[in-house]
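Chain letters run A, B, ... following the sequence lines, proteins first and then strands; every chain starts at 1. These numbers come from the heavy atoms of this one structure, side chains and all, not from hydrogens, waters or symmetry mates.
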Number of protein chains: 2
Amino acid sequence: MESNQAQAAPRSGQADFLSRLSAADADDLVRASQRKLFAKNEFIFKAGDAGRHVYFLQRGRVKIYQPAPEGKDVILWFCFPGDMFGMAEVARGGGRVVHAQACEAIEVLVLSQTELTEYLQTHPAAALLIMQVLSDRLRALGDVVVNLINDDAQTRIIKLILRLATRYGVRVDQDIHLSIQLTHQEIADMVGATRQTVTSVLSLLQRQGLVRLENRRIRIDSLELLDGMTSSG
Amino acid sequence: MESNQAQAAPRSGQADFLSRLSAADADDLVRASQRKLFAKNEFIFKAGDAGRHVYFLQRGRVKIYQPAPEGKDVILWFCFPGDMFGMAEVARGGGRVVHAQACEAIEVLVLSQTELTEYLQTHPAAALLIMQVLSDRLRALGDVVVNLINDDAQTRIIKLILRLATRYGVRVDQDIHLSIQLTHQEIADMVGATRQTVTSVLSLLQRQGLVRLENRRIRIDSLELLDGMTSSG
DNA sequence: CCCTGTCTGTCGGCCAGCCGACATTCGGCA
DNA sequence: TGCCGAATGTCGGCTGGCCGACAGACAGGG
């Protein structure tokens, strides 16, 4: 396979729900739902809440993470405009198990469980799309598990960067810029390492000229080299 | 042998798809699908296959695991009668990423992608149920990830046993018997530890009288005590 | 503009659990 | 019933990365 992907890959991850919906279906969704705003750092919902609503993100970024009493929080994924979240608990019933927190000021569409059911019955294509999104996330999580079990900290971090790059990367000249700001602590919470380990691995990679870190943004100098580093260095 | 197998736990995990389907819907599913048999240890599909079919398990047990080239395999879950598998790849397109292997002689219902789509359009309740199943698995995998990150090997193993107990446990007198045969290696592949570590933790638990191991079957003497052991030493 | 809280960089000590190696036991099949 | 491969039990040595601790560097709100 070529490594020469033109720009942000269309593939992978919890792929953008809204943009894959037909225009008519999307219009109906907007009509059936309610618009809502949240401030930066505000929680859309928290673990333990009842969880009777689904959200479609229109603007901003949302962090989905699972708190562990007496342990480290684990960031499961981020949602970007077009993404859906809160679906799992609505489908299966039971309360929320994760926190959903706005990383910045955001705008969402909200549907209650009954509104959603109604919408899905009249829009079967949307139901299939939801299955796709859930399946995507399932695979992504499966990959994370395999990663955690098989790879050392450095490899886990590199693979995380590569994963983020295919989904949130933007090509700028030779480099790929990630359209995400992440602290070392957040990265640590995603790969299951400590903050210190992330710091030292990242500065190592930077010294080797594989990535550049500017103001909490990651820039990748060479995808190929980075790819080659996994579990070999 | 035992007459007392009435109530395993109804909840949790990838809950039994077929039995939650209405009788009419289930009948239609049988009619729309094709019956197929696989021998013990035979693969229903392997990672890399095209993946255009969904399976509904009627008899036997199936192991779903993700192979890691140059690493340890990871068992994601087991399927029991009534469970669905192979759904994710059909929904999202792309090839299989996991192996599905028959643990014993099995019997499945098979639907092609087009047959499934057709079926779902005429049976909206089934579509909702599929979302539930996918959501259940998503949550289960999320728990696994949190587990891997926060807990030491002993706690991971205990939590695995407890998880298995709620889903596959059968109460017999004072004890709870797991209706599963597992080798230490398989347990290791589920919790991300080595075979040796599993062996030593299990024999420690056995010496403490919390579990009994008889012929690759786990019997739990005290759920409460076992629960109390997590991450406390 | 300063000041304060958050984020980054770096160090040494320490230990859970991996690795390799081996002996022993089990159980399924001829 | 005997055999053989698979599964289990046990042992040191070694090390990745966690933990705690601290010092500098930002950055953004007042």
Between A:E42 and A:A39, what is the shortest heavy-atom contact and its length? OE1-N, 2.7 Å

Give each protein N/O atom lying under 3.5 Å from an N/O atom of nucleotides 13-16 of chain D, with the pair distance.
none

Indicate whether OP1 or OP2 belonging to C:dG27 is found under 4.0 Å from a side-chain N or O atom of B:N215. yes

Got B:I180 and B:F80 here, is their nearest side-chain heavy-atom distance under 4.5 Å? yes

Polar pair under 3.5 Å, donor/acceptor by atom type, side chain B:R195, base D:dG9: yes

Taking everything shown except B:E104 itself, do over 12 heavy atoms lie less than 6.0 Å from its CD? yes

One would report the end-axis bend of the helix from C:dC1-D:dG30 to C:dA30-D:dT1, five pairs per end and rounded to 10 degrees, as 50°

Nearest-Å distance, CG (B:L213) to C1' (D:dG9)? 12 Å

Any non-hydrogen side-chain atom of A:V62 less than 4.5 Å from a side-chain atom of A:F85? yes

Proximity to the side chain of A:Q196 - top-ranked nucleotide from D:dC19, C:dC7, D:dC11: D:dC19

Would you kindly give the NZ-to-C1' distance between B:K40 and D:dA6, to the nearest whole Å? 12 Å

Round to the nearest Å and state the distance from B:L205 atom CG to D:dG9 atom P. 12 Å

How far apart are the C-alpha atoms of A:D221 and A:R212, what are their side-chain angles, what is the distance that settles it, and do they pass the salt bridge (charged side-chain N to carboxylate O under 4.0 Å, His left out) test? CA-CA 7 Å; A:D221 285 332; A:R212 227 143 6 99; 3.2 Å; yes

Rounded to the nearest angstrom, tell me the gap between atom CZ in A:R217 and atom P in C:dT8. 13 Å

Return the CD to CD distance between A:Q196 and A:Q185, rounded to the nearest 0.5 Å. 8.5 Å

Rounding to a whole Å, what distance do you find between B:R216:CZ and C:dT25:P? 16 Å

Side-chain donor-acceptor contact under 3.5 Å, A:R195 with A:T199: yes

Atom CG of A:L202 to atom C1' of C:dT10: distance rounded to whole Å? 15 Å

Of all of residues 181-194 of chain B, which get a heavy atom below 4.0 angstrom from DNA chain D, listed by number? B:T183, B:H184

